[in-house]
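Proteins come first, then strands; the chains are lettered A, B, ... in the order of their sequence lines, and each starts at number 1.
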Protein chains: 2
Amino acid sequence: MVTTVTNTEPRRRNRRGEGGKLREEIIEAAVALLDEGGDERAVTLRSVARKVGIAAPSIYPHFSDQPSIMLAVVQREMDSLTSVLREADENAAPDARARLFAVCNAYLDFARQHPQRYRIMFGGLWTPSTEDTSITDADLDSLGVAAFTLLVEVLGACVEEGIAHGSDDLFGDSVALWLGLHGLAHQRAVVRKMPGPDDVGDRLITALAHLK
Amino acid sequence: MVTTVTNTEPRRRNRRGEGGKLREEIIEAAVALLDEGGDERAVTLRSVARKVGIAAPSIYPHFSDQPSIMLAVVQREMDSLTSVLREADENAAPDARARLFAVCNAYLDFARQHPQRYRIMFGGLWTPSTEDTSITDADLDSLGVAAFTLLVEVLGACVEEGIAHGSDDLFGDSVALWLGLHGLAHQRAVVRKMPGPDDVGDRLITALAHLK
DNA sequence: CTCGTGAACTTACGGGCGTTAGCTTATGTC
DNA sequence: GACATAAGCTAACGCCCGTAAGTTCACGAG
């Protein structure tokens, strides 16, 4: 079922000074196109415009080119992911082990609930080699730092509480833990059905965090 | 540098009965386009034809559509990966620990040497939702089974030799190990530079195989 | 030598894309 | 009520894509 609504009716123009609203609508439309299940090829400048109900060139005052729409989407979703993780951390029981599992499972849940978003967030193909686009390396490097920092913090708490055999390299251990989570999250996002037991997630966490 | 050779000169026609040769040439051209560093969007039916030096419609006798070229590429590369792993296994010292590290590192090396290939092999976006294409679910499910089986075998050897705390679920443990490897391999294939220590790979293997 | 046929070609259609240039119209101030 | 301007529109450009239809040409069997 391809829902190409086309949206006739020329759209109620935004009030003076509220032109910026359109920027948000554009990002949301791009996310919606992703969620609808097609791959990221479905997110073109024109398809986004159609979804919002505006003419294609009306995007240019808000985004310099198509890749920068994608960058905005990824940045927004990274922020969203960070919020989800923080919330999970705060709602968890105050002991380090519970916090670690809460955060890691929240991560996995996010990926499961929004596979398409997860794919472009970490799939790395939305940047056509960083030539010809307005995207800088700094833009890319800063992605996901906040979320990762939270993971480091929670794993660090486990070491401090003595429930994990911390090596002398907390950062490296955190990277390894994240890579495991990412492997599972990505694979789930990509294939229809994952083989393996249901508790793979917990096994990964336990093994990679070196929980006692 | 975009090498669009265009290749005038109408190509030496294949001998009778050797039409199948072209099929291989098409797959190799597609792989070459990938390796040249563009993303998979660079692999279009027409660009492949240009690379081979044939007219675009000449592909149809060999592949029913563009996605099936991609499927053939992935199948070929999966076979190639399996060979690489088997070779690494056979050339390793005969003890289980050495075999495990040899196979896992060979996996990681493959991904590092051919990041673009790895991306489409496991990136899962080359199938436009399996509608409108000639690709079946069986095609997809059978991918990579041979390579994974080898991993199960090698990890099993570790448990048998008593150098790994095997749980009662060898298959599940193997999935977890593979997911860790995949997370690292994929991330390396996707970003310019991976943060974290150089020995993340070994850490992942040690932790996920539960080596003593 | 003929001639069927497999292998690949030429031409062409219709469609989607990103982007540029210039126009229209609602808004809210004076 | 006039009018400056922000907000968005229409039209059009050139490009590349996938695919259909019909054509040419060399191989090799008879």
Side-chain angles (χ1 to χ4, degrees), chain A residues 2 4-26 29-30 33 38-72 126-129 131-135, chain B residues 2 4 6-26 29-30 33 38-71 126-129 131-135:
Chain A
V2 184
T4 323
V5 189
T6 322
N7 224 343
T8 182
E9 299 212 28
R11 167 195 172 80
R12 238 191 114 71
R13 179 177 308 201
N14 275 322
R15 298 281 225 350
R16 280 261 179 135
E18 297 185 345
K21 269 190 183 170
L22 187 48
R23 191 189 153 90
E24 279 310 306
E25 285 185 61
I26 290 169
L33 282 170
D39 59 33
E40 57 271 39
R41 278 187 290 251
V43 185
T44 70
L45 196 145
R46 284 179 117 109
S47 71
V48 169
R50 273 193 299 270
K51 190 94 189 171
V52 180
I54 60 177
S58 303
I59 290 184
Y60 284 94
H62 303 283
F63 296 94
S64 57
D65 49 18
Q66 188 265 359
S68 62
I69 300 180
M70 282 316 217
L71 176 62
W126 44 276
T127 150
S129 76
E131 304 167 35
D132 321 327
T133 86
S134 57
I135 298 179
Chain B
V2 185
T4 324
T6 323
N7 226 346
T8 179
E9 299 212 28
R11 170 195 171 79
R12 242 192 109 70
R13 180 174 306 199
N14 275 321
R15 298 274 224 359
R16 279 264 176 131
E18 297 185 343
K21 270 190 183 171
L22 187 49
R23 192 188 153 89
E24 280 310 306
E25 285 186 60
I26 290 169
L33 282 170
D39 59 34
E40 57 272 38
R41 277 186 291 249
V43 185
T44 71
L45 198 145
R46 283 180 119 108
S47 70
V48 170
R50 272 194 300 269
K51 191 96 191 169
V52 180
I54 59 176
S58 303
I59 290 185
Y60 283 96
H62 303 283
F63 295 94
S64 57
D65 48 18
Q66 190 264 1
S68 61
I69 300 181
M70 282 316 216
L71 175 62
W126 45 275
T127 148
S129 78
E131 305 166 35
D132 320 329
T133 86
S134 55
I135 297 179

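For A/Tyr60 and C/dT19, the shortest distance from a side-chain N or O to OP1 or OP2 is below 4.0 Å.
Both A/Ala56 and B/Ala56 sit near DNA chain D, but only A/Ala56 has its closest nucleotide nearer the 5' end.
Listed nucleotides: D/dG18, D/dC9, C/dA8. Nearest to the side chain of B/Gln66: D/dG18.
Residues A/Ile26 and A/Val52 share a closest heavy-atom pair of CA-CG2, 3.9 Å. In plain terms, the two heavy atoms of B/Pro61 and B/Pro57 that are nearest each other are CD-O, 3.6 Å.
The CG-P distance, from A/Asp65 to C/dG18, rounds to 10 Å in whole Å. The nearest whole Å value for the distance from the CZ atom in B/Arg46 to the P atom in D/dA20 is 13 Å. As a whole-Å value, the separation of B/Arg23 CZ from C/dG6 P is 19 Å. In this structure, CZ of A/Arg50 is placed 16 Å from C1' of D/dC9, rounded to the nearest angstrom. Atom C1' of nucleotide C/dC9 and atom NE2 of B/His62 are separated by 13 Å, given to the nearest angstrom. One atom, CG of A/Leu22, and another, P of D/dG8, lie 5 Å apart when rounded to the nearest Å. Computed from coordinates, the A/Leu45 CG to D/dC9 P distance equals 13 Å when rounded to whole Å. Atom-to-atom, CD1 of B/Ile54 to P of D/dG18 comes out at 13 Å; the value is rounded to the nearest Å.
One distance of note links CG of A/Leu33 with CZ of A/Arg41; it measures 14.5 Å at 0.5 Å rounding.
Across all strands shown, A/Pro57 has heavy atoms under 4.0 Å from base atoms, whether or not it also approaches the sugar-phosphate. If you check every strand for non-hydrogen atoms under 4.0 Å, A/Thr44 touches sugar and phosphate atoms only.
Remark: the backbone N or O of B/Ala42 is paired with a side-chain donor or acceptor of B/Ser47 at under 3.5 angstrom.
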